[in-house]
Amino acid sequence: MTSRHRSSEKPAPTSAVPAGVRTPSRRTVVKAAAAGAVLAAPLAAALPAGAAGAAPAFLHGVASGDPLPDGVLLWTRVTPVPEAIPGSGTGPDTPVNWVVATDKALTNVVAKGSVTATAGSDHTVKADVRGLAPATDYWFRFSAGPTDSPVARTRTAPAAGAAAGAAVAGLRFGVVSCANWEAGYFSSYRHLAARGDLDAWLHLGDYIYEYGTGEYGTRDTVVRPHAPAHEILTLADYRIRHGRYKTDPDLQALHATAPVVAIWDDHEIANDTWSGGAENHTEDAEGPWAARQAAAKQAYFEWMPVRPAIAGTTYRRLRFGKLADLSLLDLRTYRSQQVALGNGDVDDPDRTLTGRAQLDWLKSGLAASDTTWRLVGNPVMMAPFAIGSLSAELLKPLAELLGLPREGLALNTDQWDGYTDDRRELLAHLRANAVRNTVFLTGDIHMAWANDVPYNAGTYPLSASAATEFVVTSVSSDNLDDIVKVPEGTVSAVAAPVIRAANRHVHWVDTDRHGYGVLDITAERAQMDYYAVSDRTDPDATSRWVRSYRTRSGTQRVERVYSPA
């Protein structure tokens with residue numbers, strides 16, 4: 001999501017630059033010892049009191065991810081010696097043992113092994129455990145020397161052939177996106193962790209933010225400062241930022257409660273990332289884009305319990321019995337550069353959001369699926385969000401003459417609205433193959449939405465809907481009431497009716513609240529329950545249910561329900 005508060009002058013980075021990366025011309029060269037001291041200082045403030053010591057420590061929690069019917073990916077980061085902080089590139093090789101059991105006391109061990117944490121992977125480790133039973137809770141722990149990590153819960157997916165109904169009565173996923181450390185606390189994670197009923201949780205992107213302190217929408221309201229304080233550019237920078245996030249107690253609690261299924265959006269790299277650059281990157285100031293992108297992706301795969309199914313990307317597919325499969329999209333690695341608002345090039349068939357190979361993969365997977373529900377983890381909004389959809393449809397020749405987009409004046413060309421040929425091709429494929437029960441699960445936009453996804457927005461609702469979409473708001477990143485500095489709900493009261501009048505496929509939009517979603521799936525319906533936290537700046541913020549919407553099997557339409565699942 002584009003920042004409205006981007007600083008024109010960025011603080012000079014102080015971290016060391018990895019070998020092979022050209023130093024930007026404006027950067028001041030400092031002595032290595034001084035740079036190392038500055039690098040260490042911000043993270044030291046994030047570590048628990050008394051953490052420094054001779055024994056290895058697990059300061060960044062433990063996590064699991066990408067559940068399979070017979071396995072799950074386990075993750076942790078060990079600090080072998082006090083100076084081996086994230087991004088330091090120092091510290092000895094350290095054997096790390098792991099154990100998986102069917103009970104929390106770890107008495108009935110079913111799998112165990114050992115991996116080695118090295119400075120080359122920032123002392124992060126993963127264990128891809130197989131041979132487990134489907135649809136089963138497990139507990140796991142890591143150990144290094146005399147130190148044990150916390151014990152955490154994970155869960156495997158249902159067997160691939162398990163039918164919806166008796167074998168798989170339902171699935172329940174937490175759904176989150178857009179967590180800006182500086183903007184507030186991660187109470188949404190704490191409330192999801194406290195539920196204790198999640199099969200997994202989906203993070204739909206912007207797990208971290210790349211900006212320097214005060215540069216992204218929080219110039220006057222920094223709740224807690226980033227580490228490092230400058231915009232992150234190098235591998236060391238990205239490692240430090242991931243390390244800072246992983247010290248958050250609410251994030252650690254959620255990771256210790258259920259496996260995560262994560263994809264990246266732009267801020268894991270830089271704002272409005274596209275294949276050849278980003279809005280928040282200039283090569284003369286910040287060095288080669290390819291080097292920055294590679295550093296960001298390397299740190300992401302080091303610090304996240306994610307399998308890179310396609311080299312260097314996060315697009316992949318998981319299956320949860322015959323009830324649902326989940327296609328996860330990478331909408332940054334292959335996309336064409338965004339165009340300006342009102343530019344007719346959004347319709348250009350030579351421009352792409354997904355890339356050819358990924359779009360073909362998505363289309364074939366949706367058509368071939370034998371599950372009841374086809375879920376799509378989708379970083380940016382799929383449903384049209386435009387002004388004048390109807391008039392653009394009725395006056396298409398005039399729209400083409402003026403170079404206007406055929407589907408109305410898109411307000412955000414960073415989402416699917418900026419790449420309408422990809423969207424039309426995908427929706428036409430759903431129609432041609434009679435693909436039903438496709439549900440897009442979306443983040444990015446810092447608002448909550450419940451949408452139908454029409455084949456033709458200009459004639460909707462007289463024309464059909466191809467799919468449905470549930471968009472979750474931000475965990476903490478600024479939404480509209482924060483930006484204009486008015487009380488919560490003020491903007492929604494004015495904006496929501498206008499948005500819905502111009503976009504009749506939108507059933508609900510909330511522009512102002514922070515929170516999370518809980519997706520509950522049965523053979524009959526997929527329901528999103530929307531929750532809001534009371535105050536993102538309060539570490540003890542409460543949570544309340546706001547609204548619920550569902551799509552019943554076979555309808556391809558959203559409807560309101562009046563209680564959570």
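For this chain, numbers begin at 1 and follow the sequence in order. For clarity, every value in this text was computed on a predicted model and none was experimentally measured.
With hydrogens and angles disregarded, no donor-acceptor distance shorter than 3.5 Å links the side chain of Asp199 to the backbone of Ala157. Formation of a donor-acceptor pair under 3.5 Å by the Asn180 side chain with backbone atoms of Ser477 is not found in this model. Remark: side-chain polar atoms of Arg332 are not paired, donor with acceptor, to backbone N or O of Trp274 under 3.5 angstrom. With hydrogens and angles ignored, the 3.5 Å screen pairs a side-chain donor or acceptor of Asn433 with a backbone N or O of His429. Lys112 places no side-chain N or O within donor-acceptor distance of the main-chain N or O of Trp98, the cut-off being under 3.5 Å. Here the side chain of Ser476 pairs no donor or acceptor atom with the backbone of Ala183 at under 3.5 angstrom.
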Exercise for review: Apply side chain to side chain contact (heavy atoms under 4.5 Å, CB included) to Leu74 and Phe142, showing your working.
Suggested key: CA-CA 9 Å; Leu74 308 182; Phe142 292 92; 3.7 Å; yes

Test Asn108 against Thr102 for side-chain hydrogen bond (donor to acceptor under 3.5 Å, both in side chains), laying out the working first. CA-CA 6 Å; Asn108 184 31; Thr102 58; 2.7 Å; yes

_Working note: Arg190 + Asp540, criterion salt bridge (Lys or Arg N to Asp or Glu O under 4.0 Å); need CA distance, chi angles, decisive distance, verdict._
CA-CA 9 Å; Arg190 172 167 48 86; Asp540 299 316; 5.1 Å; no

Set out, in order, the CA-CA distance, both residues' side-chain angles and the distance that settles side chain to side chain contact (heavy atoms under 4.5 Å, CB included) for Val376 and Leu366, then state yes or no.
CA-CA 9 Å; Val376 182; Leu366 292 174; 4.2 Å; yes

Carefully, step by step, assess Lys363 and Glu425 under the rule salt bridge (Lys or Arg N to Asp or Glu O under 4.0 Å). CA-CA 9 Å; Lys363 288 165 56 181; Glu425 179 178 337; 2.7 Å; yes

query: Under the side chain to side chain contact (heavy atoms under 4.5 Å, CB included) criterion, do Asp330 and Gln358 qualify, and how do the steps go?
result: CA-CA 8 Å; Asp330 176 355; Gln358 184 177 198; 4.0 Å; yes

Q.
Could you go through Tyr315 and Ser327, starting from their C-alpha distance and side-chain angles, then the distance that decides it, and tell me whether this counts as side-chain hydrogen bond (donor to acceptor under 3.5 Å, both in side chains)?
A. CA-CA 7 Å; Tyr315 84 78; Ser327 300; over 6 Å; no

Q: Check the pair Gln252, Asp250 against side-chain hydrogen bond (donor to acceptor under 3.5 Å, both in side chains), reporting the backbone distance first and the verdict last.
A: CA-CA 5 Å; Gln252 288 192 9; Asp250 296 330; over 6 Å; no

Exercise for the section: Carefully, step by step, assess Phe186 and Tyr245 under the rule ring-ring contact (aromatic ring centres under 6.0 Å, His included). Expected result: CA-CA 10 Å; Phe186 297 161; Tyr245 268 69; 5.7 Å; yes

### Query
Run the side chain to side chain contact (heavy atoms under 4.5 Å, CB included) check on Asp510 and Thr473 step by step: do they pass?
CA-CA 8 Å; Asp510 186 319; Thr473 188; over 6 Å; no

ask   = Where do Glu524 and Arg552 land on the salt bridge (Lys or Arg N to Asp or Glu O under 4.0 Å) test, with the steps shown first?
value = CA-CA 6 Å; Glu524 291 75 33; Arg552 288 181 291 165; over 6 Å; no

Evaluate the criterion salt bridge (Lys or Arg N to Asp or Glu O under 4.0 Å) for residue pair Arg155 and Asp137; output intermediate values, then yes/no. CA-CA 4 Å; Arg155 183 171 176 81; Asp137 287 350; 2.9 Å; yes

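Between Arg536 and Asp538, no side-chain nitrogen of the basic residue sits less than 4.0 Å from a carboxylate oxygen of the acidic one, so the salt-bridge criterion is not met. Between Arg550 and Asp529 no salt bridge is recorded (no basic side-chain N to carboxylate O distance below 4.0 Å).
Between the side chains of Thr511 and Ser492, at least one donor N or O lies within less than 3.5 Å of an accepting N or O. Between the side chains of Ser465 and Gln556, no donor-acceptor pair is found at a separation under 3.5 Å. Side-chain atoms of Thr76 and Ser149 include no donor-acceptor pair closer than 3.5 Å. With 3.5 Å as the limit, one finds no donor-acceptor pair spanning the side chains of Arg77 and Thr124. Checked by atom type, the side-chain pair Asp452/Thr468 shows no donor-acceptor distance below 3.5 Å. For the residue pair Asn456/Ser463, the side-chain donor-acceptor check at 3.5 Å is not satisfied. For the residue pair Ser474 / His514, a side-chain donor-acceptor distance below 3.5 Å is found, with atom types taken as modelled.
A distance of 9.0 Å separates CG of Leu68 from OG1 of Thr156, quoted to the nearest 0.5 Å. To the nearest 0.5 Å, the span separating CG on Asp481 from OG1 on Thr490 amounts to 7.0 Å. Distance check: Leu204 CG to Asn378 CG gives 8.0 Å after rounding to the nearest 0.5 Å.
Stacking of Arg224 on the aromatic ring of Trp181 is recorded, both the 6.0 Å distance cut-off and the 45° axial limit being met. Judged by a 6.0 Å distance limit and a 45° cone about the ring axis, Arg316 is not positioned over the six-membered ring of Trp361. Within the cation-pi definition used here (under 6.0 Å to the ring centroid, within 45° of the axis), Lys246 qualifies as a partner of Trp75. Relative to the ring axis of Tyr455, Arg431 places its NZ or CZ within 45° and under 6.0 Å from the centre.
Remark: aromatic rings of Trp264 and His203 are distant, center separation not under 6.0 Å.
Using a 4.5 Å cut-off on side-chain heavy atoms (C-beta onward), Asn271 and Tyr209 make no contact. Using a 4.5 Å cut-off on side-chain heavy atoms (C-beta onward), Thr154 and Pro259 make contact. Taking the side chain as every heavy atom from C-beta outward, Asn451 and Val471 approach each other to under 4.5 Å. Counting only heavy atoms from C-beta outward, the side chains of Tyr185 and Val533 never approach each other to under 4.5 Å.
A side chain to side chain donor-acceptor pair (under 3.5 Å) with Gln338 is found for exactly one of Asp414, Asp272, Asn412, Thr273, namely Asp414. When Asn437, Asp520, Thr551 are each tested for a side chain to side chain donor-acceptor pair (under 3.5 Å) with Arg525, only one passes: Asp520. Partner of Leu375 under the side-chain contact (heavy atoms from CB on, under 4.5 Å) criterion, chosen from Leu519, Asp325, Thr438: Leu519. Exactly one residue among Phe440, Tyr549, Trp508, Phe385 makes a ring-ring contact (aromatic ring centres under 6.0 Å, His included) with Trp449. That residue is Phe385.
Applying the salt bridge (charged side-chain N to carboxylate O under 4.0 Å, His left out) test to residues at least two apart or on different chains, the pairs with a partner in residues 488-499 are Glu488-Arg513.
Ring geometry for His446 against Tyr216 counts as perpendicular: the plane angle is over 60°, on a 0 to 90° scale with 30° as the lower cut.
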